[in-house]
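Below is one structure, written out as structure tokens; comments come after it.
Quick note: residue numbers are just sequence positions, from 1.
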Amino acid sequence: MDIKMDDINVLHHRCLLNLRRRIRGIGDGRPAQERYMRIQKDGETLSYQGNSEEVGCYVAGHPLSKGNCYFEVTLVDTGVRGTIAVGLVPKFYRLDHQPGWLPYSVAYHADNGKLYNGNPVGQQFGPKCARGDRIGCGIHSENIEAGFTTVFFTKNGKEVGSVEVPVSAEGLFPAVGMHSMGEEVKVDLQAEWFLEVDDSMMMVDSHEDDWGRLFDVRVSGTLLEYVGKGKSIMDVGLAQARQPLTTRCHYYEVEIVDAGEKCYIALGLAKKDYPRNRHPGWSRGSVAYHADDGKVFHGSGVGDAFGPRCLKGDIMGCGIMFPRDYILDEEGDVDDWDRLEVRQGREGVQNVLYLDDEEEEEEDGEEGEQEARKVTVFFTRNGKLMGRREMRVPPGGLFPTVGMLSSGEKVKVDLHPLSG
């Protein structure tokens, strides 16, 4: 029997249509099915069920899209090796391979921080990930119709990096791979990531809003760097927090990352309108512990011997012990004290939230009506209590204030070290 070319073309067309329907799987309204092998799924939790020799892989039922362009995976347990991979794969990806190993797949691997982009050999990409970390993966969907898109990865909400990858007609599906006993993750396929592409440059300066006043100090995340001249005592670099200390947030810390030329670093508290060219502690309405000589300055240019000098790597802390009946101008009911939690583990810090004894120090020149607003300021070094100074609270409160005065000085600030 003779077969005409037209008949062959028709048969070929019908085969392509049938194959396309089978691949899509949802063209007739049937729900898409997630796929997994050597994985136990319990709600959003995935657990590895292999023998640590064979890969287990999970592939979601729906691809990422413009309306749902991001997902996150929390590492509940890293098991024996922590060989957990998070990424995107084609719909019918082989479930005995880690995401990223085969063509048209890409993944960030937790155990080594490498990116695998369609190749079993990875490239160094970001930090390793451990138990409790969140790995996110998303797409910038503006180019998806053109057959490619930019895939980005995050760790604990911060972008690690991105890569451009081709996109098949079916799209890119969220995938998780595991390869050692005990590994367990929690998948959030509806997670959202709020950083816009145009705001990517703000990642480094994401903590700048924590500071109300900055003079000759550059902010990079939690790092403060002195950028002043450092030629005279008038060249102070000053960073003052936007919010004062309160009974709910009563303590902060500064780690000396680089002592610079002279380690003229000061940590303390100051009134809101504190002079910009004066080190904390030098002028009225302030008190500070100075790293270079270990002295405490309390509203005066002459300091008192107080504690040891602080060097690179040391952590200096400053806080307030509030009386039990103390209420700030803008704070709520005193009953909130019962709900206040202070994290244990820092010697000399966790037990000094309340003032149980009286100090003899008193600041001169304040009005008598402020007598009821006395507090005790305390300082720590590497978690150990160095000493206390009593002072009256100026209108508006006492603001965390850091001063620097010599070239090369850098500090890392944690404004909420005792918070949950």
Salt bridge (Lys or Arg N to Asp or Glu O under 4.0 Å) involving [X] - partner list, sequence neighbours excluded:
{"X": "Glu54", "result": "Arg38"}
{"X": "Glu184", "result": "none"}
{"X": "Asp96", "result": "Arg94"}

- Please list, chain by chain and in numerical order, all residues satisfying ring-ring contact (aromatic ring centres under 6.0 Å, His included) with His179, sequence neighbours excluded.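 Partners of His179 under the ring-ring contact (aromatic ring centres under 6.0 Å, His included) test: none.
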
- Note on the structure: Across all chains, not counting sequence neighbours, the ring-ring contact (aromatic ring centres under 6.0 Å, His included) partners of Phe125 are Tyr108, Phe153

- Query: Between Asp304 and Arg389, is any pair of side-chain heavy atoms under 4.5 Å apart?
  - Reply: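 Yes, side chains in contact.
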
- Under 6.0 Å between ring centres, would you say that holds for Phe297 and His279?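 No, ring centres 6.0 Å or more apart.
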
Residues forming a side chain to side chain donor-acceptor pair (under 3.5 Å) with [X], sequence neighbours excluded:
{"X": "Asn112", "result": "Tyr116"}
{"X": "Ser406", "result": "Glu409"}
{"X": "Thr401", "result": "Gln240"}

- May I ask you to say whether Glu253 pairs ionically with Lys412, meaning some side-chain N is under 4.0 Å from a carboxylate O?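 No, Glu253 and Lys412 are not salt-bridged.
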
Side chains of residues 305-322: which donor-acceptor pairs under 3.5 Å do they make with residues two or more places apart or in other chains?
from	atom 1	to	atom 2	distance (Å)
Arg309	NE	Asp292	O	2.8
Asp314	OD1	Asn382	ND2	3.0
Asp314	OD2	Leu311	N	2.7
Asp314	OD2	Arg381	NH2	3.3

- Task: For residues Pro394 and Lys271, report the shortest heavy-atom separation together with the two atoms involved.
- Result: CG-CB, 3.7 Å

- Message: Minimum heavy-atom separation for Thr380 and Tyr251, please, with both atom names.
- Response: OG1-OH, 2.8 Å

- Task: Take atom CD of Gln124 as the centre, draw a 6.0 Å sphere, and report whether it contains more than 12 heavy atoms from other residues, nucleotides or ligands.
- Result: yes

- Message: For Gln190, give me all partners under side chain to side chain contact (heavy atoms under 4.5 Å, CB included), at least two apart in sequence or on another chain.
- Response: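 Partners of Gln190 under the side chain to side chain contact (heavy atoms under 4.5 Å, CB included) test: Asn68, Asp188.
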
- Query: Which pairs count as salt bridge (charged side-chain N to carboxylate O under 4.0 Å, His left out) when at least one residue sits in residues 171-183, sequence neighbours excluded?
  - Reply: none

- Could you give all pairs that pass the salt bridge (charged side-chain N to carboxylate O under 4.0 Å, His left out) test and reach residues 115-139, with sequence neighbours left out?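 Only Glu72-Arg134, Asp133-Lys155 qualify under salt bridge (charged side-chain N to carboxylate O under 4.0 Å, His left out).
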
